[in-house]
Amino acid sequence: MMLLLYRLPGLKTLSKENPVMRTALLVFVLSQEGEDERGAPVNQGYWCSYGPEDYRDNESVVGDSLGMKPLSGKGSRPGRHHMMRGCLCHFTVKRLYIRPSIALIIYNQQKHVDKTGAPCHGLLDRHAVGTRAMYAPRISEELRQKVMSMLYAAIPIDDIMQHHMELVQRHGGPLNRDDFLSRNDVRNMERLVHNSSHELNENDECSVKIWVRRHQKYVFFYQERTDTEPFIMGIQTKWQLEQMLHYGRNGSIAMHSSFGRNKLKYPLCTLLAFNTSHSAIPVAWIISSSLICQGIHKWIGPLAERIYTKDPTWQLSSFLVDDCSFKVSLIREAFRCRVLLCLWHVRRAWIRNLIKRSCHSGVQREMFRLLGSILYCTRSNAVEEFMQVFVDQCAFMEYFRERWLPRIDALISGMKSLPTAGPEPQAAIESYHLRSKFKLLDIQYCNLWLRVDWLIHMLATEYHSSFWLDQYSLGTGCFENVRDPSFTSSAWHRALNILDVNVILEEQNLLLAKVLSEDRNSVYTVWNPGSEFSLCDCAWSKRGNLCEHVIKVAFLCRTRQFAGTSLGSQGYRQAMLSLLQKPPGDPIVLDHANLRVTQLHEDVNSLEELSNSGLLQRLPAEADSQMADYVRLFPPP
């Protein structure tokens, strides 16, 4: 038995208030008829529209002319004799004498089953397939998300309806309630889109609390700001959870932290998954009033629990962090995976400030090259030497001393302990960053940047819908005209379109490389080729971005072995040499490490033999750069 309290008057459309009544359209009206002659409230009993009588096996129904069962119209609505299916779901409503506006609802049978205990209508009833008894009273959440996303993308209602009807005809006609989507349904959702507002209360904190209370299923962690605790809020919709489960399985999740730190009230941290086209999809958002690394121990556990509750067999391959101050042990414990360091934000910050604060292009290239080598240098005075050599670059040195000097030791330490991510995820992260900057930091919203409720509303509505529509368009080929171009055109994708013959690499001169444009009318120069800190003279790279020319040259440098190994490979070699020179005291740990290296070496050799024999198709070099580095570092005997 289940007790519920509902506030009256009317008690109308009860099925919309209570999820247990989803499979039957129940509309109840409680009026003055529920009072006796003295005006005292009396009990009222209500049954599901598909019960309690059962006429499923009757060929004719008493009272129906000629036993004809109407296929449509008024006679086919639930509640008619020929639609009774023996549903035992019923409850009692008691009007409280002292508080007439409060109703006590007592469920005597909560499930929609017949006397045998089996579902008698709805999607769980196999005998209801193809009849109106299988239809839900309203459209599903999946279809609602689909239509809302199209509305947020400004797709006309006519186009939405035409697309929906084409899908229904494709699978052979209507099969459920979603297939009966009407123009009125779309208009109602369009009205909700136009009337929705981020400001649920004049006070920003109160407005956020109201949003959290209304969307509890989207919030996996929430902590109010107090004198001792920071504000932390984790958001993940049902669709984002599905994407994380799908693309995160045996894949990678990257962290893009501290977005909007100088403009938004609280910076935004995003967890990104990578789809089959190597584009970044936001699978969770975390908003915090403090540094995201300081509160990760609070929200990383609930997020992992949310994932493993949905799928206990889910396994993540790698987790990419962009800040060395993160507690790596917490991430490894939560997701049981390896942790990689992503240098994209470091690279972007250095090159943008070099271009901004240093005028000479030659000095910019040399400073950028030395900054990258500092991260892998074992000498303790490398930073001091760098600052002494370029002491005349006052503007950049002031920025470097204020912003990076306190953090450079932690960054160098992180480079020694964590492997670095390749250019593929970095290009996807950069594409997501630029898209977020264009959408969330548009000047038209400058008056709303200091409100957290606005940021939450934008993320959960327009921004979320744009990625949903992009992924839907990519999978179905529909609405390609409204797909965001940056979703499938990162620097990684553009690098794949550059032909090898358009790249000029000279073994005698490894300081630079030349890349011809597609029409061969322009030539771009890449300095320090093969390194994570290469620099190109194209317009996109001069804005501090990772360009396709740098990525393409890095591919060829690894495959042709024209340039030295990448800085990441150098770090891997240093870690292996330090392990051999200073073996751990525990012989069991040393044996395990040697065993893993031997197994990896044998796996590489076996794959190479299969490829040479034609039994295994050779992977493209762009997708196998790390293996190429390993083979070069540890050649077979």
Side-chain angles (χ1 to χ4, degrees), residues 220-223 229-236 240 244 248 251-262 264 266-274 280-308 315-350 374-376 403-422 424-426 428-430 432-433 436 532 567-568 571-572 575:
F220 63 87
F221 183 82
Y222 177 66
Q223 176 179 279
E229 297 292 342
F231 171 86
I232 303 178
M233 182 177 179
I235 304 173
Q236 186 182 57
Q240 288 179 310
M244 187 171 183
S252 300
I253 297 295
M255 180 176 292
H256 179 257
S257 61
S258 302
F259 173 79
R261 177 177 48 194
N262 299 326
L264 299 177
Y266 298 146
L268 173 66
C269 174
T270 307
L271 299 185
L272 300 170
F274 306 98
I281 301 176
V283 294
W285 289 298
I286 300 94
I287 305 173
S288 177
S289 59
S290 62
L291 295 177
I292 195 66
C293 59
Q294 297 178 358
I296 187 174
H297 64 283
K298 296 185 177 181
W299 58 263
I300 193 73
L303 177 61
E305 182 180 359
R306 182 185 179 98
I307 297 295
Y308 290 115
Q315 181 61 50
L316 185 65
S317 176
S318 60
F319 194 100
L320 281 62
V321 298
D322 57 0
D323 192 340
C324 295
S325 58
F326 283 107
K327 295 182 179 179
V328 177
S329 59
L330 294 175
I331 301 176
R332 288 173 177 164
E333 180 181 357
F335 292 108
R336 302 187 292 272
C337 66
R338 58 179 181 150
V339 179
L340 279 66
L341 181 62
C342 181
L343 294 175
W344 171 81
H345 78 289
V346 178
R347 182 188 187 279
R348 179 180 175 85
W350 284 354
I374 287 176
L375 299 181
Y376 294 91
R403 179 71 184 276
W404 292 99
L405 193 58
R407 305 165 53 189
I408 195 68
D409 291 337
L411 186 58
I412 294 175
S413 177
M415 296 296 300
K416 294 179 180 179
S417 60
L418 297 176
T420 56
E424 179 181 0
Q426 293 189 38
I429 293 173
E430 180 180 82
Y432 172 80
H433 173 84
S436 301
E532 288 91 336
L567 298 180
Y572 181 70

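Values reported hereafter were calculated over all heavy atoms of this structure, with side chains retained and with hydrogens, waters and symmetry mates removed.
- Side-chain contact annotation: D323 with S257, donor-acceptor N/O pair under 3.5 Å absent.
- Checked by atom type and distance alone, the side chain of R332 never pairs as donor or acceptor with a backbone atom of R338 at under 3.5 Å.
- The side-chain heavy atoms of T420 and L340, taken from C-beta on, include no pair separated by under 4.5 Å.
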Exercise for the section: Might you work through the side-chain contact (heavy atoms from CB on, under 4.5 Å) test for H256 and C269, ending with a clear yes or no? Expected result: CA-CA 6 Å; H256 179 257; C269 174; over 6 Å; no

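- Exactly one residue among H433, Q426, E430 makes a side-chain hydrogen bond (donor to acceptor under 3.5 Å, both in side chains) with W344. That residue is E430.
- No more than 12 heavy atoms of other residues, nucleotides or ligands lie within 6.0 Å of CD in E333, so this atom counts as exposed by the packing criterion.
- Although no hydrogens or angles enter the test, the distance criterion places no donor-acceptor pair under 3.5 Å between the side chain of S413 and the main chain of D409.
- Between the side chain of S252 and the backbone N or O of G248 there is no donor-acceptor pair closer than 3.5 Å.
- The number of heavy atoms from other shown groups lying within 6.0 Å of CD (E305) does not exceed 12.
- The line from CZ of F326 to CE of M255 is 4.5 Å long, rounded to the nearest 0.5 Å.
- In this structure, Q236 contributes its side chain and F220 its backbone to no donor-acceptor pair below 3.5 Å.
- Once rounded to the nearest 0.5 Å, the distance linking CD1 of I296 with OG of S325 reads 9.0 Å.
- Figure legend: cation-pi geometry between R261 and Y266 absent, as NZ or CZ is not positioned both under 6.0 Å from the six-membered ring centre and within 45° of its axis.
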